[in-house]
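Just so it is clear, the values below take in all heavy atoms, side chains as well, and ignore hydrogens, waters and symmetry mates.
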Amino acid sequence: AIGGIKISFETISFEDVRNIPADAPLRCVDRDIEQVMVKCIDSARAAGDTVGGAFEVILRGLPIGLGNYAQWDRKLDGRLAQAVMSIPAIKAVGIGIGSAASGLPGSQVHDEIVLRPTRDETDDSPIPVARPTNNAGGLEGGITNGEDLRVSGYMKPISTLMKPLRSVDLQTMTEAPATVERSDVCAVPAAAVVAEAMVSLIVADAFLEKFGGDSVGEISRHVIASKELRQSRFPGTAKTEAT
């Protein structure tokens with residue numbers, strides 16, 4: 001979203017993001033809406049104003065169980081929220097469908113658990129169940145559940161305007177316009193890149209907490225052992241080899 005202009009669909013797939021062209025100016029999955037967003041930014045620039053917006057970071061392929069469900073300060077959703085909120089001008093963070101969950105009945109929010117369809121040699125999941133939806137954004141009870149991790153950030157408009165707002169001169173205690181200086185009109189696409197880095201750092205930290213070791217080889221053995229343990233709990237439902 002940019003300046004109140006949003007894409008027309010609620011859920012963006014990982015493949016949609018992968019397929020965004022390299023020359024997309026705003027990294028938006030909807031090219032038509034993106035052009036409207038560009039015009040919004042241009043209009044704000046002409047008016048000496050600024051605009052904010054929203055972005056989403058998606059991670060695929062995370063192990064189950066990263067984070068902590070018992071200690072409040074180690075829950076992965078809380079750590080991610082703190083990291084993304086630490087980015088300048090970010091005023092809200094969402095996991096999965098985020099704030100939309102507050103206005104829906106439970107039957108439309110909670111992700112059902114179903115048996116996985118017939119498994120083949122390409123299916124290396126260690127568990128025989130799946131979720132047809134991912135409203136939780138890959139996090140339940142403070143830990144990853146194996147679905148795509150989805151984190152959204154909401155950025156306010158940059159406060160430095162080329163057409164300054166009212167302020168006060170503290171030396172004379174009289175009204176005076178705010179200082180005019182260089183100002184980006186919209187920093188949402190740039191903030192999304194920063195958020196991707198912040199999310200990666202937090203997830204890497206949680207990964208090493210669970211699988212840490214003194215070398216890549218040791219970490220890899222821990223990952224393989226964890227996967228084999230899960231597969232052993234569901235005999236006959238998953239491939240026995242660890243990938």
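Other members of the cluster containing V168 are L170, M173, with ILVMFWY side chains joined at under 4.5 Å, either directly or via other members. Other residues sharing a hydrophobic cluster with L161 under the 4.5 Å side-chain heavy-atom criterion for ILVMFWY residues are L165.
Residues satisfying the salt bridge (Lys or Arg N to Asp or Glu O under 4.0 Å) criterion with E140, sequence neighbours excluded, are R131. L59 meets the side chain to side chain contact (heavy atoms under 4.5 Å, CB included) test with V57, L62, L149, V199, V203; sequence neighbours excluded.
Taking each heavy atom of V17 and R27 in turn, the nearest pair found is O-NH2, 3.9 Å. Closest approach of P157 and G52 over heavy atoms only: CG-N, 3.6 Å. The two residues S13 and I58 come nearest to each other via the heavy atoms O-CD1, 4.5 Å. Closest non-hydrogen pair, C40 versus G3, comes out as SG-CA, 4.2 Å. For the pair I2 and C186, the tightest heavy-atom approach, listed with the atom from each and the gap, is CD1-SG, 3.6 Å. Residue G94 comes nearest to Y154 through the heavy atom pair N-CE1, 4.1 Å, listed as atom of the first residue, atom of the second, then distance.
Taking NZ from K6 and CG from D30, the interatomic distance works out to 14.5 Å, rounded to the nearest 0.5 Å. Once rounded to the nearest 0.5 Å, the distance linking CD1 of I143 with CD1 of I64 reads 8.5 Å. Here the CZ atom belonging to F14 is positioned 13.5 Å from the CD atom belonging to E147, to the nearest 0.5 angstrom. Note: E209 CD to L66 CG = 9.0 Å, rounded to the nearest 0.5 Å.
Cluster membership for I5 and V188, using ILVMFWY side-chain heavy atoms within less than 4.5 angstrom, is shared. When the side chains of ILVMFWY residues are joined at heavy-atom separations under 4.5 Å, either directly or via intervening members, L208 and I202 end up in a single hydrophobic cluster. In this structure, I97 is not a member of the same hydrophobic cluster as L80, with clusters built from ILVMFWY side-chain heavy atoms closer than 4.5 Å. There is no path of hydrophobic side-chain contacts, each under 4.5 Å, that joins M162 to I41. Criterion: ILVMFWY side-chain heavy atoms under 4.5 Å apart, direct or through other members. Under it, L201 and V193 are not part of a common hydrophobic cluster.
No donor-acceptor distance shorter than 3.5 angstrom exists from the side chain of S152 to the backbone of E56, with no hydrogens or angles considered. Within the 3.5 Å criterion, the main-chain N or O of G212 finds a donor-acceptor partner in the side chain of H222.
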Practice task
For the pair N68 and L76, evaluate side-chain contact (heavy atoms from CB on, under 4.5 Å) and give the outcome as yes or no after the intermediate values.
Solution key: CA-CA 7 Å; N68 190 294; L76 192 54; over 6 Å; no
Exercise for the section: Report the C-alpha separation of D205 and R79 in whole Å, then their side-chain angles, then the decisive distance to 0.1 Å, and conclude whether the side-chain contact (heavy atoms from CB on, under 4.5 Å) test is met. Expected result: CA-CA 10 Å; D205 187 42; R79 293 157 69 180; 3.0 Å; yes
Problem - Test log, rule side-chain contact (heavy atoms from CB on, under 4.5 Å), inputs L26 and V38 - result: CA-CA 8 Å; L26 302 179; V38 169; 4.0 Å; yes
Exercise for the section: Evaluate the criterion side-chain contact (heavy atoms from CB on, under 4.5 Å) for residue pair F211 and S226; output intermediate values, then yes/no. Expected result: CA-CA 9 Å; F211 302 110; S226 177; 3.6 Å; yes
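Within 6.0 Å of CG on D169 lie more than 12 heavy atoms contributed by other residues, nucleotides or ligands. Taking a 6.0 Å sphere around CD of E15, one finds it holds more than 12 heavy atoms contributed by other residues, nucleotides or ligands. Within 6.0 Å of the OH atom in Y69, the count of heavy atoms belonging to other residues, nucleotides or ligands does not exceed 12.
Salt-bridge formation is not detected for the pair R221/E218: no Lys NZ or Arg NE/NH1/NH2 atom is positioned less than 4.0 Å from an Asp or Glu carboxylate oxygen. In summary, D42 and K39 do not engage in a salt bridge, as defined by a charged side-chain N under 4.0 Å from a carboxylate O.
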Let me check something: any side-chain donor-acceptor pairs from residues 82-92 under 3.5 Å, sequence neighbours excluded? List them with distances.
{"unit_1": "S86", "atom_1": "OG", "unit_2": "A83", "atom_2": "O", "d": "2.5"}

Name the atoms and distances for all side-chain donor-acceptor pairs under 3.5 Å in residues 106-115, with sequence neighbours left out.
{"unit_1": "D111", "atom_1": "OD1", "unit_2": "T133", "atom_2": "OG1", "d": "2.6"}
{"unit_1": "D111", "atom_1": "OD1", "unit_2": "N134", "atom_2": "N", "d": "3.4"}
{"unit_1": "D111", "atom_1": "OD1", "unit_2": "N135", "atom_2": "N", "d": "2.7"}
{"unit_1": "D111", "atom_1": "OD2", "unit_2": "N135", "atom_2": "N", "d": "3.2"}
{"unit_1": "D111", "atom_1": "OD2", "unit_2": "A136", "atom_2": "N", "d": "2.9"}

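With a 4.5 Å cut-off on side-chain heavy atoms, R166 and P177 do not count as touching. Residues P63 and T144 fail the side-chain proximity criterion, which asks for heavy atoms closer than 4.5 Å.
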